[in-house]
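Written out below as structure tokens is the structure these notes cover.
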Amino acid sequence: MASSATFAKLDAASSTWIGRQSLSSRPQPSSRLAPSRVSLPIRAGHYTDELLKTAKTIASPGRGILAVDESNATCGKRLDSIGLGNTETNRQAYRQLLLTTPGLGEYISGAILFEETLYQSTTDGKKMVDCLVEQNIVPGIKVDKGLVPLPGSNNESWCQGLDGLASRTSEYYKQGARFAKWRTVVSIPCGPSALAVKEAAWGLARYAAISQDSGLVPIVEPEILLDGDHGIERTLEVAEKVWSEVIFYLAENNVVFEGILLKPSMVTPGAEHKERASPETIANHTLTMLRRRIPPAVPGIMFLSGGQSEVEATLNLNAMNQSPNPWHVSFSYARALQNSVLKTWKGQPENVEAAQKALLVRAKANSLAQLGKYTGEDESAEAKKGMFVKGYTY
Ligand code: 13P
């Protein structure tokens, strides 16, 4: 449904939904008084306690999220980079390698899966979900249906997936998922237009409310793409605008802030900007944005890596944890946790153990960065390679 229609309803003076927790009572024919407003409580969420517990488990000290939720098409790109075909068997082998890594739960508190993996078993017949739960890793699920062009915008996109979402999220809960992810994007070189920002924020807020209603902690991810030659101040300005709208519409939708997690981009210069910024500068700008926009009730900020190299993403996270923050500041990386794993595995069964060790190296480095104790020593050249791809699609 077009969001503009929904906004019109929210703004209409006749709407029974105006005023967060009240409905206009009908004027009594006999009464000479102006119609009074009767406060009705918003229905208490069935799952509120569980949501708070799940969010706290994921945002636990020294741990973060492993994102393995690439759609089949995107997983195909990963496999193609090491010369493997995009078959269900190859996707299963790769996900099995990642999710059965011994000791992963020490550093990883949650794993975001694609639907195929949520319903998949290992080659030994064990559910992937059970492999995670055994290691005290919370299973999560990507629920958005991807990006399509946004008509009326400046070549921008919007994220699909709200239709039928409530029935999908309740099925995912039954299957063992306890948190969800919805990723939409905002492009700085394309504007961003007010329309694209509003649409992104509204979609995220509707998704978050629906997920909480089904017992899933929503990860709210408006990715501000790295594309562009703008400086860091411009990114800060756009990030503040985006997050102000996201927070506003989350509140409008009565989302429980204690039961969500945010997945922002770090505030960096555009990938094609003439100068790079140091981890300290990135941390300063990112924390400035968060302090100005994000309520301390939110338990966790789980950054995406967005095309940074593995080492850059870890150094920047570490810089943000040099002094206490009101939220758990951690990671939810896909590319910055998987790159050296893939390069080590190469699709060969005899490399599985070495590839799992490579995953543990990255997971441990980011765990230390979450605690502000990462030194950046002994990192491989591969881990320092940037992964930015212009116009990258997930
Ligand atoms: P990256 O860390 O590769 O940017 O992934 C972000 C993401 O949304 C995956 O869930």
Side-chain angles (χ1 to χ4, degrees), residues 47 51 54 58 65-80 84-100 104 108-135 137-148 157-185 203-204 206-221 223 260-261 263 302 304 332-335 337-338 342 393-394:
Y47 288 105
L51 292 169
T54 304
I58 296 172
I65 296 175
L66 168 64
V68 203
D69 60 316
E70 295 85 358
S71 62
N72 286 351
T74 308
C75 189
K77 289 187 203 167
R78 302 262 195 276
L79 296 172
D80 186 56
L84 287 189
N86 189 12
T87 62
E88 185 172 348
T89 311
N90 287 340
R91 292 194 295 271
Q92 177 196 32
Y94 182 48
R95 266 74 187 252
Q96 177 168 342
L97 179 162
L98 295 169
L99 305 180
T100 62
L104 193 64
I108 299 295
S109 53
I112 319 174
L113 309 178
F114 190 59
E115 196 179 71
E116 177 177 278
T117 322
L118 184 73
Y119 291 88
Q120 206 168 39
S121 297
T122 64
T123 41
D124 315 324
K126 191 165 165 183
K127 284 186 181 166
M128 299 276 192
V129 167
D130 292 342
C131 300
L132 294 173
V133 173
E134 258 175 27
Q135 294 223 54
I137 300 174
V138 183
I141 176 77
K142 170 191 172 78
V143 301
D144 67 74
K145 292 277 186 189
L147 300 162
V148 287
S157 39
W158 70 290
C159 184
Q160 303 183 112
L162 289 177
D163 285 358
L165 181 59
S167 49
R168 285 194 292 127
T169 47
S170 40
E171 285 307 311
Y172 295 150
Y173 183 94
K174 285 187 208 151
Q175 195 59 27
R178 289 296 177 270
F179 72 103
K181 181 197 112 164
W182 175 286
R183 170 184 178 264
T184 189
V185 300
L204 283 163
R206 293 297 310 127
Y207 137 79
I210 293 167
S211 297
Q212 287 195 334
D213 236 29
S214 307
L216 304 182
V217 168
I219 293 193
V220 176
E221 181 181 2
E223 175 169 353
I260 61 175
L261 295 165
K263 184 157 169 169
M302 320 298 288
L304 59 93
S332 174
Y333 299 156
R335 281 168 279 179
L337 279 170
Q338 292 184 37
L342 271 167
T393 49
Y394 240 98

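Any value given below was found using the heavy atoms of this structure, including those in side chains, with hydrogens, waters and symmetry copies removed. Because the structure is a prediction, the values reported are computed rather than measured.
- The OG1 atom of T100 lies 9.0 Å from the NZ atom of K126; values are rounded to the nearest 0.5 Å.
- Under the ring-ring contact (aromatic ring centres under 6.0 Å, His included) criterion, Y94 pairs with W345, not counting sequence neighbours.
- Checking side-chain atoms of E115 against main-chain N and O of I141 turns up no donor-acceptor pair under 3.5 Å.
- Side-chain N or O atoms of N86 include one that pairs as donor or acceptor with a backbone N or O of N72 at under 3.5 Å.
- A166 approaches T169 most closely through the heavy-atom pair O-OG1, 3.1 Å.
- Taking each heavy atom of S157 and V185 in turn, the nearest pair found is OG-CG2, 3.7 Å.
- Taking every heavy atom of both residues into account, V220 and A208 meet most closely at CG2-CB, 4.4 Å.
- Residues E221 and W182 have side chains not in contact (no heavy-atom distance under 4.5 Å, counting atoms from C-beta outward).
- In this structure, L162 and Y207 have side chains that are in contact, with non-hydrogen atoms separated by less than 4.5 Å.
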Give the intermediate values and the outcome of side-chain contact (heavy atoms from CB on, under 4.5 Å) for residues T117 and L99.
-> CA-CA 10 Å; T117 322; L99 305 180; 4.0 Å; yes

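- From L113, atom CG reaches atom CZ of F179 across 7.5 Å, with rounding to the nearest 0.5 Å.
- The closest donor-acceptor contact from the side chain of E223 to the backbone of L304 lies at 3.5 Å or more, if one exists at all.
- When the side-chain contact (heavy atoms from CB on, under 4.5 Å) test is applied to E171, the partners found at least two apart in sequence or on another chain are Y119, K174.
- Atom OG1 in T122 sits 7.0 Å away from atom CD in Q92 (nearest 0.5 Å).
- When every heavy atom of S121 is checked against every heavy atom of G125, the shortest pair comes out as CB-C, 3.9 Å.
- D144 places no side-chain N or O within donor-acceptor distance of the main-chain N or O of G161, the cut-off being under 3.5 Å.
- Using a cutoff of 4.0 Å between basic side-chain nitrogens and carboxylate oxygens, E70 and R95 are scored as salt-bridged.
- One distance of note links CD1 of I58 with CZ of R178; it measures 11.0 Å at 0.5 Å rounding.
- Within the 3.5 Å criterion, the main-chain N or O of I112 finds no donor-acceptor partner in the side chain of K181.
- T184 places a side-chain heavy atom less than 4.5 Å from the side chain of L147.
- The structure places CD1 of I65 at 10.5 Å from CG of L337, a figure rounded to the nearest 0.5 Å.
- Nearest heavy-atom pair, S211 versus A180, reported as atom, atom and distance to 0.1 Å: OG-CB, 4.0 Å.
- A search for side-chain contact (heavy atoms from CB on, under 4.5 Å) contacts involving L51 returns Y47, Q212, V217, not counting sequence neighbours.
- Smallest separation of non-hydrogen atoms from R91 and L79: CG-CD1, 3.9 Å.
- From Q338, atom CD reaches atom CG of L97 across 10.0 Å, with rounding to the nearest 0.5 Å.
- Panel note: side chain Y172, backbone G140; no donor-acceptor pair is recorded below 3.5 Å.
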Could you check Y333 against L66 for side-chain contact (heavy atoms from CB on, under 4.5 Å), going step by step and ending with a plain yes or no?
-> CA-CA 6 Å; Y333 299 156; L66 168 64; over 6 Å; no

